[in-house]
Amino acid sequence: EQKKLLVLSEPDDDSCTGSWEYLIANDLRFDDVDWLFVRSGTRASEEEIAGRVAVHIDTGMLYDGELNFDHHQPDERVLRECAATLVYNSFREKFGDDPIYKLIADYVLMVDHGLGKEASDLIHGGQFTAILRDLSVHLHALKYTLDRKERIRIGHNLLDCFYKATKNE
């Protein structure tokens, strides 16, 4: 099977969570794929793809449920979604009945659409909510010291921590 190339724009809650979910749903680890970061809304060029299978998450202006998971559409048809919910819904059977994955996707949808208060209410009460709540703060602050790939790696680790801690709560 061809190696996957995950294409993201600037690391934020949505691209981080969408790529984390994509890896989980496809039984891939962080280092099993190559990473490419492009300007928001753009797609990887054929030269950049170089024989790999490109998966665009939160960039590229397309959604097909397989390799393209961008809610920014010219026709506004999926604007009420985010990359995290598009990935979650596309691979829902892989996540089974586990409510934590849905909780994370719903939380990111609210944050991505500027509903921070409602998002905080959604996860309020859990012992580990600060991990998820502070994800965007960490992704943004780390841009001064780490490259995009390492920020995504840390974001994935934070999501793993939130998931495992909440599962065992």
Could you report the tightest heavy-atom contact between [X] and [Y], atom names first, then the distance?
X      : Y     : result
Phe91  : Glu66 : CZ-O, 4.4 Å
Leu139 : Pro11 : CB-O, 4.2 Å
Arg43  : Glu48 : O-OE1, 4.4 Å

Does the side chain of [X] pick up a donor-acceptor pair with the side chain of [Y] at under 3.5 Å?
X      : Y     : result
His71  : Asp14 : yes
Tyr107 : Asp13 : no
Ser90  : Tyr63 : yes

Side-chain donor or acceptor of Asn68 paired with backbone N/O of Leu62 under 3.5 Å | no
Is it true that a side-chain atom of Asp32 and a backbone atom of Leu28 form a donor plus acceptor pair closer than 3.5 Å?
-> no
If we only count heavy atoms from C-beta on, is the Glu21 to Ile24 side-chain gap below 4.5 Å?
-> no
Are Lys3 and Asp34 close enough that some pair of their side-chain heavy atoms sits under 4.5 Å apart?
-> yes
Can Arg153 and Asp31 be counted as an ion pair, charged N to O under 4.0 angstrom?
-> yes
Which other residues end up in the same hydrophobic cluster as Leu36, if Ile, Leu, Val, Met, Phe, Trp and Tyr are linked when side-chain heavy atoms come under 4.5 Å apart?
-> Leu5, Val7, Val38, Ile49
Any chance CD of Glu46 has more than 12 other-residue heavy atoms, nucleotides or ligands included, within less than 6.0 Å?
-> no
Salt bridge (charged side-chain N to carboxylate O under 4.0 Å, His left out): pairs with one or both residues in residues 82-91, sequence neighbours excluded = none
Are Phe69 and His56 close enough that their ring centres sit under 6.0 Å apart?
-> no
Between Trp35 and Phe30, is the gap from one ring center to the other below 6.0 Å?
-> yes
Euclidean distance, Arg39 CZ relative to Glu10 CD, rounded to 0.5 Å | 13.0 Å
Among all residues two or more places apart in sequence or in another chain, which pass the side chain to side chain contact (heavy atoms under 4.5 Å, CB included) test with Asp97?
-> none
Begin with the C-alpha distance, continue with both residues' side-chain angles, and end with the deciding distance and a verdict on ring-ring contact (aromatic ring centres under 6.0 Å, His included) for Phe95 and Tyr88.
-> CA-CA 8 Å; Phe95 298 110; Tyr88 173 78; 5.4 Å; yes
